[in-house]
Amino acid sequence: MKENPHLIIFNENKDTRGCLVAIEGGNNIPFEIARVYYIYNTPQNIERGFHAHRNLMQVLIAVNGIIEVTCEYHGQKSFYLLDSPKKGLLLSGLVWRTMKFVSDDSILMVLADTYYDESDYVRNYNDFITLEQNFLSGFLHERA
Ligand code: T46
C-alpha cells in the first residue's frame, strides 16, 4: 500500500518525569516493523539521502535535534521539518529524499518494513526520473 509522504503525530505520555512515545507496528504506523536504524554524529547542516526506494516503507523520526526532509515525487517537491520526537514522516515507494541535519546533535531514527536490501535503492537521479515517468504514464493509461 503506497501513500504520499505525510507526517504522523504520535501521542505523547507526558508527566512531571518527562515524555514517552510508543510506536506499535500496524497500529499507529501502517506497517509491521522489520528493521530499526539510526543516524547520529552528523556534522551540522550535512545532507544525506539523495536516493529513492522502489518499495520500502519507512517512518523517519528526529528523536533529537532538527532535521529537514525534502521529498520529490510525482513531479513536485515537499518539505517536512522534523523538530520533535512526536513527529514521524511516512515515506513509501518512489520518493527522492534528502535529509538535512540542521543541528549537530540531531539523531534520525528510522523504522522500516523490510530488512536492508540494496537492490531496492534508486541512487541515480536520472533513473528515478525515468521510473517516475513510467509510473505516471502507466497511471494515466489506466485512467484513460
Ligand atoms: C533512507 C534514509 C532516510 C546498512 O548496511 N544497513 C541499513 O539498514 C542501512 C539503512 C544502511 N546500510 C549501509 C549502506 C551504506 O553503506 O549504511 C551505509 C550508509 O547508508 P546510506 O548512504 O544509504 O545512508 P543515508 O543516510 O543516505 O540513507 C538512509 C537509508 O539508507 C535510506 O534507506 O531512506 O536513510
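Whatever order the structure lists them in is the order used to number ligands and atoms, beginning at 1. Only a predicted model underlies this, so the values are computations on that prediction, with no experimental measurement involved.
By the 4.5 Å heavy-atom criterion applied to side chains, F31 and V59 are counted as neighbours. Residues T114 and M57 are not in side-chain contact: their nearest non-hydrogen atoms beyond the backbone lie 4.5 Å or more apart. Looking only at side-chain heavy atoms (C-beta outward), V21 and P85 stay at 4.5 Å or farther from each other.
Under the 6.0 Å cut-off for aromatic ring centres, F128 and H51 do not qualify, their centroids lying 6.0 Å or more apart.
With rounding to the nearest 0.5 Å, the separation of CG in D105 from OG1 in T42 is 8.5 Å.
Remark: the backbone N or O of D15 is not paired with any side-chain donor or acceptor of R17 at under 3.5 angstrom.
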With the criterion set at N/O pairs under 3.5 Å, what does the list of contacts between the protein and ligand 1 look like, atom names and distances included?
{"unit_1": "ligand 1", "atom_1": "8 (O)", "unit_2": "R35", "atom_2": "NH1", "d": "2.5"}
{"unit_1": "ligand 1", "atom_1": "23 (O)", "unit_2": "R123", "atom_2": "NH1", "d": "3.3"}
{"unit_1": "ligand 1", "atom_1": "23 (O)", "unit_2": "R123", "atom_2": "NH2", "d": "2.9"}
{"unit_1": "ligand 1", "atom_1": "24 (O)", "unit_2": "R48", "atom_2": "NH2", "d": "3.3"}
{"unit_1": "ligand 1", "atom_1": "26 (O)", "unit_2": "R48", "atom_2": "NE", "d": "2.7"}
{"unit_1": "ligand 1", "atom_1": "26 (O)", "unit_2": "R48", "atom_2": "NH2", "d": "3.3"}
{"unit_1": "ligand 1", "atom_1": "27 (O)", "unit_2": "G49", "atom_2": "N", "d": "2.9"}
{"unit_1": "ligand 1", "atom_1": "31 (O)", "unit_2": "Y121", "atom_2": "OH", "d": "2.6"}
{"unit_1": "ligand 1", "atom_1": "33 (O)", "unit_2": "Y37", "atom_2": "OH", "d": "3.3"}
{"unit_1": "ligand 1", "atom_1": "33 (O)", "unit_2": "H53", "atom_2": "NE2", "d": "2.7"}
{"unit_1": "ligand 1", "atom_1": "33 (O)", "unit_2": "Y121", "atom_2": "OH", "d": "3.1"}
{"unit_1": "ligand 1", "atom_1": "34 (O)", "unit_2": "H51", "atom_2": "NE2", "d": "3.4"}
{"unit_1": "ligand 1", "atom_1": "34 (O)", "unit_2": "Q58", "atom_2": "NE2", "d": "2.7"}
{"unit_1": "ligand 1", "atom_1": "34 (O)", "unit_2": "R97", "atom_2": "NH1", "d": "2.8"}
{"unit_1": "ligand 1", "atom_1": "35 (O)", "unit_2": "Y37", "atom_2": "OH", "d": "3.3"}

